[in-house]
Amino acid sequence: MTKVIFALAVLAIMGAIFGAILAFAAKVFAVEKDPREEAIAECLPGANCGGCGFPGCAGYAAAVVAGTAPVNACAAGGEAVSVKIAEIMGVAAGETVKQLAVVHCTGCGIDFSKYNYQGVTDCLAASRLPGGGPLACDFGCLGMGTCEKVCPFDAIHVVNGVAVVDEDKCKACSKCVDACPRHLIALEPYKTKKHVTIPCSSHAKGPVVTKVCTNGCIGCSLCAKACPKEAITMDNFLAKIDYDKCIGCGICAQKCPRGLITVDGVVPEKKPVPPKPAAPAAPKAEVPAEAPKAAEAPAAPAAEEAPKATEEALKAFEKAVADAGEAIKAEESAPAVSGEEAPKAE
Amino acid sequence: MDFKELFTIAMGAILINNFIFSQFLGICPFMGVSKSTDTASGMGLAVTFVMGLASAVCWPINHFILEPNGLVFMQTIVYILVIASLVQFIEMFLQKSMPSLYTALGVYLPLITTNCAVLGVVLQNTQNGYGFVSSVVYGVTGGIGFLLAIYLFAAVREKLEFSECPKAFEGFPLALVTAGLLALSFMGFSGLKIFG
């Protein structure tokens with residue numbers, strides 16, 4: 001019996017000693033942490049995706065408290081989180097421009113292959129092979145799901161041989177952008193009401209593209225010529241949209257002979273061609289109708305004024321188109337502009 | 001306490017009596033955190049660290065407190081108490097003085113609190129009647145054996161991720177089969193005799 005009590009006593013004393021040491025250590029080794037840091041870490045999504053450029057959510061929280069990171073850098077959390085963080089830090093949040101990952105390949109070249117691939121189902125492995133993988137198109141999606149594996153939000157999937165982004169789930173963390181060995185995925189800002197995309201990455205010349213794909217960009221530059229804001233430029237036989245200029249009008253999608261350019265993710269139905277010239281003719285007819293009246297008042301050099309008047313009318317029409325574009329942009333330009341300015345102010 | 005004896009203990013702990021593959025201690029973290037070589041090496045290092053320290057701390061407690069008072073039967077519970085408080089203490093100490101190491105070991109340190117490999121190493125130290133130096137060597141090399149095993153296993157599992165296998169074998173079943181095969185290969189060391 002004494003042995004049991006003795007054993008209990010020894011154990012109790014040891015426990016008490018260790019407890020005292022730990023209590024003492026907790027005081028001595030206490031690390032002072034800014035309570036704001038924990039508060040911020042709590043409202044972050046906690047996926048540690050690294051989209052903000054800091055090592056994990058805790059790293060970002062520490063950087064915000066240290067003042068080296070903006071409060072709206074969390075792409076995954078979006079505006080809701082940045083507002084919360086701003087509240088904790090006591091600063092204005094600024095607006096975040098919504099971004100999404102976009103795969104620049106439609107997968108229409110999936111039926112054209114150079115050889116039968118039977119290796120590891122991984123784009124990185126396949127792209128190291130001679131010819132850069134089994135796909136005939138050197139710029140197409142290999143469809144082996146390397147992006148799918150790295151996505152922390154389950155937002156990108158290979159569907160029918162091509163990677164497709166789930167817009168509801170994508171948080172623009174750019175993990176897939178870094179993972180794609182063919183660099184097909186890029187983040188695009190969704191500023192305009194309708195988002196126009198050229199989902200192709202092929203820098204090959206037209207005849208080559210037509211052999212390996214049913215709708216790849218052939219570099220005809222029709223879209224670049226049609227664009228009212230000169231937002232599309234040709235980069236080595238590939239049309240590219242400058243999203244600072246794009247107003248989302250979708251005229252380029254109408255012009256594309258390959259049916260490649262998408263508006264809000266779908267290729268728009270082509271308006272029948274003949275009525276098209278007629279439609280712009282209507283405002284043209286209205287404007288000159290007034291112009292000659294003004295010209296007729298002086299009456300004398302009407303014959304000379306006539307061509308000038310049409311020129312003016314043409315200009316007026318162009319201006320009208322531009323204004324319409326501005327109007328579309330104006331609807332959401334206010335948040336977009338302040339969002340741009342916020343990081344600059346840093 | 002010659003070099004020969006220590007070397008024998010070290011090789012025994014790393015290869016011949018590897019904690020995972022021949023003693024089946026510490027299987028839980030071995031299966032749990034071996035999905036990538038990064039986390040596996042982090043866990044392995046943390047275990048090595050704690051095993052060495054636990055051996056060093058438990059030896060004097062056994063030698064000066066338990067044995068003289070005839071309380072050897074309380075070994076297990078005392079060791080659990082010692083290890084748990086030791087890990088807590090190390091965690092606090094690292095957080096203050098070595099934040100980089102603390103973040104590197106991260107969540108693995110608290111996980112080790114109840115790791116059976118750590119308890120196993122201190123119990124075996126007592127059973128084998130090791131002295132202080134031998135105990136520490138056995139602890140550290142046992143941890144290195146754990147590190148070797150978990151790193152090898154994680155490397156294999158990383159490759160397996162890309163392989164096509166029957167649906168029923170995906171994930172843990174295949175990992176268990178792999179662990180079995182690795183253990184079989186470590187059986188090859190069991191007949192090894194060091195220094196005749």
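Atoms considered below: every heavy atom in the structure, side chains included; atoms not considered: hydrogens, waters and symmetry mates. The chains referred to below are lettered A, B, ... by the order of the sequence lines, with proteins before strands, and numbering in each begins at 1.
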Taking all non-hydrogen atoms of both residues, which atom of [X] and which atom of [Y] are closest, and how far apart?
X        : Y        : result
Leu11(A) : Val78(B) : CD1-CG2, 3.6 Å
Val28(A) : Lys96(B) : O-CE, 4.2 Å
Lys3(A)  : Phe73(B) : CE-CE2, 4.0 Å

Notebook entry, point to check: Is there a side-chain contact between Glu164(B) and Val120(A) (heavy atoms, below 4.5 Å)?
Noted result: no
Notebook entry, point to check: Given side chains that start at C-beta, do those of Phe89(B) and Phe29(A) come closer than 4.5 Å, heavy atoms only?
Noted result: yes
Next item on the list: Side chain from CB out, backbone as N, CA, C, O: work out which of these in Ile65(B) comes under 4.5 Å of a heavy atom of chain A, or both, or neither.
Entry: side chain
Note to self: Is Ile61(B) in contact with chain A via its backbone, its side chain, both, or neither, using a 4.5 Å heavy-atom distance?
What the structure shows: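 It is the side chain, since no backbone atom gets that close.
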Mind checking the [atom1]-[atom2] spacing from [X] to [Y]? Nearest 0.5 Å is all I need.
X         : Y         : atom1 : atom2 : result
Ile21(A)  : Met92(B)  : CD1   : CE    : 10.5 Å
Asn69(B)  : Phe6(A)   : CG    : CZ    : 4.0 Å
Met14(A)  : Leu71(B)  : CE    : CG    : 9.5 Å
Glu161(B) : Thr121(A) : CD    : OG1   : 11.0 Å

Take atom [atom1] of [X] as the centre, draw a 6.0 Å sphere, and report whether it contains more than 12 heavy atoms from other residues, nucleotides or ligands.
X         : atom1 : value
Tyr151(B) : OH    : no
Glu42(A)  : CD    : no
Ile77(B)  : CD1   : no
Phe93(B)  : CZ    : no
Glu170(B) : CD    : yes

Item checked: Under 4.5 Å from any heavy atom of chain B - which part of Val10(A) -> side chain
